[in-house]
Amino acid sequence: MQNQNYINITLSETLRNLADYERKGKEIISRYGNAEGNRPILSPPVPKQTYIDRYPDEVDEEEPSGRCGQDQTVNTCGQDQTCGHAARSCDLCKRLVQDNIEQRENYEAEVMMYRSLERLKEPILVLHGFTFTHDQYRICDRNHDTKKCPKCNNKTNKNSEECDFLIVGPNYFVVIEVKNSKPEYDPRRSLEKSIEQRNRVRDLIHVMDERAKVFLFTSFPSLHSEQFDADEVEKNCIIFEEDIGDFGKYWDIKVTGKMLEDCTEGQSDQISDYEFNRIKSILVAISCTETDEPDENRFSLAKTVMRIDADLKGGQITLEQKVGKISKDKRSYNPAVRLAPEVIAKFVGVKYLTPQQEQILQSNQNVLLINGPAGSGKTALLAGKMVELAKTQDRKVIVFKITGSNVNLSQTYQRTCKKAGIEYELVSKGKRRDYKRTEPKQIAHEMLESNKKVIIVEIRHTFVAKEGFPEVYRALSNCHVIIDDLHAYYFLTNIVLESLFQMDRLLTVWASFDLAQRYNAYYSLKTARAFNFKKLYFFIEKNLAPENVVTLRSNLRNTFDLANFLAVIRQEYIGLVSDGSEMADKLLPSQIKGHFIHGPLPVIHVLKDNSQELVDKILGEELKTLHELLDEFEGINVAVCFMHLSDATKATMNKKINEGYKEKTLRCHGYNGFSAEWPVTIALLGIDTLDKKEYDSMMMYLMTSRARVRCTLVLIPEGGLVLQDYTFMMDLLRKLQSFSHVRYHGH
């Protein structure tokens with residue numbers, strides 16, 4: 001399989017000697033490796049994507065057949081389904097999937113260590129997945145005797161040495177090897193193996209200067225110290241489960257404290273700053289040089305974000321293999337993933353689906369309501385259905401895309417039509433004059449008179465549109481109808497649904513919605529708490545059979561880390577507005593992760609007051625961090641979403657964006673953002689009262705879920721409010737601490 005860890009580029013230079021490595025390392029550090037304050041720099045900026053698959057034993061739906069998804073006749077073990085091979089009863093299929101789950105759990109233990117290092121308040125450089133070849137070792141060792149070295153003489157020996165983490169501190173190095181051993185898995189053997197790996201990296205450093213201080217640790221994130229029989233000397237070099245929970249304290253004792261002791265004792269054999277920085281530069285160059293040519297993209301946040309974004313948009317939720325083959329590392333096919341049919345893969349641009357998505361797309365139901373959280377694939381399925389209808393049916397297809405006033409337009413449907421070679425007409429309705437000048441029936445008539453097979457109608461989010469929109473499609477006849485983002489109207493709903501149900505049942509009427517992405521400009525506690533799930537549920541139950549309503553739960557659009565973050569906020573909102581019944585769960589489902597594609601942890605800035613100086617500083621730092629993304633990539637990849645800001649805060653936001661990022665940054669009012677999405681989102685949410693917890697949690701979910709890869713949320717008290725008095729918000733922030741970086745300013 002193709003290496004998915006980094007964007008690979010070929011540089012003009014080749015590193016052939018130690019001076020080359022030192023020079024290249026200095027260049028990389030100069031560009032990427034200068035920390036501001038006590039925050040780690042991590043390379044790569046997110047955990048390496050090694051095992052991204054979510055396997056069927058963790059999937060809530062019924063276990064799928066076990067076929068690979070690339071060739072529908074081939075199973076995980078390579079056997080042919082058409083020859084009577086039963087995946088569910090095949091021991092090899094089951095064992096391969098279980099082995100993959102264990103390997104992914106091992107990798108997730110490594111990610112846990114990555115996140116612990118990321119949270120340290122230390123000016124360190126973290127090299128994740130540090131690998132070096134024997135040739136690189138030989139270059140570093142000035143006294144290396146190539147004639148007597150068996151590895152040098154064995155030209156077929158291409159093995160590399162590696163460690164999970166090599167950390168470069170101000171004047172020390174730390175090597176950490178991670179093992180996911182549990183008591184039943186013989187941790188003693190894992191420890192011995194890790195010691196060998198650690199020592200080889202230490203030896204690499206010491207051949208350059210044996211005075212370099214190197215700390216060696218083995219991490220057992222799933223093992224408590226009481227579960228491992230070892231003496232105190234061994235335990236001093238082990239990071240146990242309880243240490244991960246308070247890793248900052250562990251680091252202070254085992255690393256920072258030890259270095260302080262050495263300095264206090266005045267050891268005479270300490271390495272000079274010059275020699276230390278020389279070794280640091282060489283190691284940095286080695287870390288991003290898999291061959292002789294270095295790849296700086298390992299350090300680039302912008303390129304990492306865009307690579308991950310491409311995978312998420314393309315539905316790359318599984319690691320690929322050749323059909324019918326078992327890879328050398330025994331990675332099986334994922335039976336919980338399906339290769340998307342042509343209408344999705346070729347025209348929508350999503351390569352893989354979940355089994356439930358595949359079943360929905362194959363549904364023969366003419367009337368279908370698709371319900372699901374942000375990023376669950378609703379739009380992709382509707383776009384695929386649009387192509388299928390346009391290519392196989394004689395009737396017109398009318399696609400209603402409910403949009404914001406300036407974002408979340410119908411580009412997905414337009415791109416899909418162009419790729420599929422389908423002629424379409426774009427109609428944008430929603431401005432007040434659209435309905436004053438033309439009656440809804442006349443608008444519908446114009447659509448029916450068009451000679452295009454597909455009519456894409458953008459219904460802008462205005463109150464006039466709410467009144468006119470149902471009248472438009474009531475007047476349609478003899479057309480298939482698709483409605484995307486039905487949730488955009490706060491009172492979803494009965495009026496809209498009644499209109500749909502009154503259409504000819506021989507026509508196709510598909511619609512999508514998510515009740516956690518509603519908006520009401522005239523918010524009040526009365527309207528928020530009057531939302532009645534039972535009334536809506538019984539209305540749907542009366543008019544539709546169970547097979548006409550499907551509920552998606554898996555988040556596929558956002559990174560694993562963002563999906564976890566969003567799940568907490570969504571669950572908090574559900575707890576506020578739901579009665580906990582089964583019907584409420586169907587209408588407002590919880591959200592689960594659909595893959596293990598990691599990205600940057602979300603960041604929350606919590607301001608004590610609406611200090612404009614702080615708002616300016618935080619927004620400026622965020623945009624500066626993203627400068628490479630803004631400068632080097634085409635299109636709008638960064639959006640600043642805002643809601644309930646004072647005039648002063650809006651002015652500060654606009655001023656900062658206009659200072660140099662105006663053309664590459666989109667400003668989006670929160671209620672215009674439903675179902676819009678960008679690689680990176682900065683969300684500014686003003687908190688102006690202490691009794692809007694339903695609304696604030698919904699807006700937090702709506703705005704942060706717009707980011708596919710990287711999200712920053714800034715909570716700004718307005719109107720003299722003291723955020724610490726907002727008990728609900730402070731409790732929610734505590735729950736989010738495990739899934740994000742929460743930074744308090746002025747508290």
Side-chain angles (χ1 to χ4, degrees), residues 36 404-407 461 519-525 569 602-627 630 636 638-674 676 678 680-704 706-707 710-730 732-733 736 740-747:
E36 294 185 4
S405 61
N406 67 328
V407 296
H461 187 64
Y519 171 72
N520 179 24
Y522 298 119
Y523 173 88
S524 70
L525 292 177
I569 301 175
V603 178
I604 307 176
H605 294 279
V606 186
L607 278 61
K608 182 179 180 180
D609 52 41
N610 68 338
S611 164
Q612 298 309 300
E613 183 180 351
L614 263 178
V615 173
D616 181 271
K617 179 183 177 183
I618 291 170
L619 188 55
E621 288 177 349
E622 285 295 320
L623 293 172
K624 181 180 178 182
T625 300
L626 299 168
H627 74 91
L630 293 162
I636 300 294
V638 178
V640 178
C641 298
F642 60 95
M643 196 71 193
H644 284 302
L645 302 183
S646 65
D647 290 341
T649 306
K650 285 182 186 176
T652 301
M653 174 190 73
N654 290 328
K655 176 178 176 292
K656 182 55 63 175
I657 293 174
N658 291 339
E659 284 179 356
Y661 306 100
K662 182 178 180 180
E663 302 301 323
K664 301 300 292 285
T665 303
L666 186 141
R667 275 163 278 200
C668 170
H669 200 288
Y671 66 73
N672 281 323
F674 51 87
W678 299 275
V680 177
T681 296
I682 302 170
L684 308 179
L685 177 60
I687 307 293
D688 55 5
T689 180
L690 302 179
D691 62 354
K692 294 200 307 185
K693 51 188 178 182
E694 295 95 342
Y695 181 78
D696 288 334
S697 57
M698 181 175 66
M699 289 310 303
M700 284 177 67
Y701 180 79
L702 176 59
M703 291 200 293
T704 56
R706 303 310 96 208
R710 190 176 192 270
C711 177
T712 299
L713 171 65
V714 186
L715 298 179
I716 308 169
E718 300 283 15
L721 181 139
V722 178
L723 200 58
Q724 286 179 310
D725 294 337
Y726 196 176
T727 304
F728 164 77
M729 185 59 67
M730 300 308 291
L732 177 55
L733 290 172
L736 290 170
S740 62
H741 296 296
V742 182
R743 295 169 183 161
Y744 294 89
H745 301 268
H747 291 262

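Every heavy atom of this structure was used, including side-chain atoms; hydrogens, water molecules and symmetry mates were not. Note that the structure is predicted; figures quoted are calculated from it, not measured. Counting from 1, the numbers follow the sequence of the chain as shown.
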4.5 Å side-chain heavy-atom contact, [X] and [Y]:
{"X": "Leu732", "Y": "Met700", "result": "yes"}
{"X": "Thr665", "Y": "Leu626", "result": "no"}
{"X": "Leu721", "Y": "Asp725", "result": "no"}
{"X": "Val640", "Y": "Glu622", "result": "no"}
{"X": "His644", "Y": "Glu718", "result": "no"}
{"X": "Met699", "Y": "Lys692", "result": "no"}
{"X": "Met653", "Y": "Leu619", "result": "yes"}
{"X": "Arg667", "Y": "Asn654", "result": "yes"}

Only counting residues at least two apart or in another chain, list the ones meeting side-chain contact (heavy atoms from CB on, under 4.5 Å) with Thr625.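 Per chain and number, Thr625 pairs via side-chain contact (heavy atoms from CB on, under 4.5 Å) with Leu301, Arg710.
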side-chain hydrogen bond (donor to acceptor under 3.5 Å, both in side chains) partners for [X], two or more places apart:
{"X": "Thr704", "value": "none"}
{"X": "Lys664", "value": "none"}
{"X": "Thr689", "value": "Asp691"}
{"X": "Lys617", "value": "none"}

If I compare all heavy atoms of [X] with all of [Y], which pair ends up nearest, and what's the gap?
{"X": "Cys641", "Y": "Met703", "result": "CB-SD, 3.8 Å"}
{"X": "Pro717", "Y": "Lys608", "result": "CG-O, 3.5 Å"}
{"X": "Leu666", "Y": "Trp678", "result": "CD2-CZ2, 3.8 Å"}
{"X": "Leu733", "Y": "Tyr744", "result": "CB-OH, 3.8 Å"}
{"X": "Asp696", "Y": "Leu685", "result": "O-CD2, 4.0 Å"}

[X] side, atom [atom1]; [Y] side, atom [atom2] - distance, nearest 0.5 Å:
{"X": "Leu684", "Y": "Ile716", "atom1": "CG", "atom2": "CD1", "answer": "5.0 Å"}
{"X": "Cys668", "Y": "Ile636", "atom1": "SG", "atom2": "CD1", "answer": "12.0 Å"}
{"X": "Ile687", "Y": "Leu607", "atom1": "CD1", "atom2": "CG", "answer": "11.0 Å"}
{"X": "Lys656", "Y": "Leu623", "atom1": "NZ", "atom2": "CG", "answer": "8.0 Å"}

Can you name the residues that form a ring-ring contact (aromatic ring centres under 6.0 Å, His included) with Tyr661, not counting sequence neighbours?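 With neighbours one apart ignored, the set is empty.
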Charged N-O contact under 4.0 Å between Glu621 and Lys624: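 Salt bridge absent between Glu621 and Lys624.
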Thr649 side chain to Leu645 backbone, donor-acceptor under 3.5 Å: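 Pair absent, no side-chain N/O of Thr649 close to backbone of Leu645.
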Check: Ser697 side chain, Glu694 main-chain N or O, donor-acceptor pair, under 3.5 Å: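 Yes; at least one donor-acceptor contact below 3.5 Å.
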Please evaluate residues Ile618 and His745 with respect to the criterion side chain to side chain contact (heavy atoms under 4.5 Å, CB included), reporting the C-alpha separation (whole Å), side-chain torsions for both, the decisive distance (0.1 Å), and the verdict. CA-CA 10 Å; Ile618 291 170; His745 301 268; 3.7 Å; yes
With Thr652 as reference, evaluate Val615, Asn610, Ile657 under the side chain to side chain contact (heavy atoms under 4.5 Å, CB included) test and give the passing residue.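 So, applying the side chain to side chain contact (heavy atoms under 4.5 Å, CB included) to Thr652 and each of Val615, Asn610, Ile657, only Val615 qualifies.
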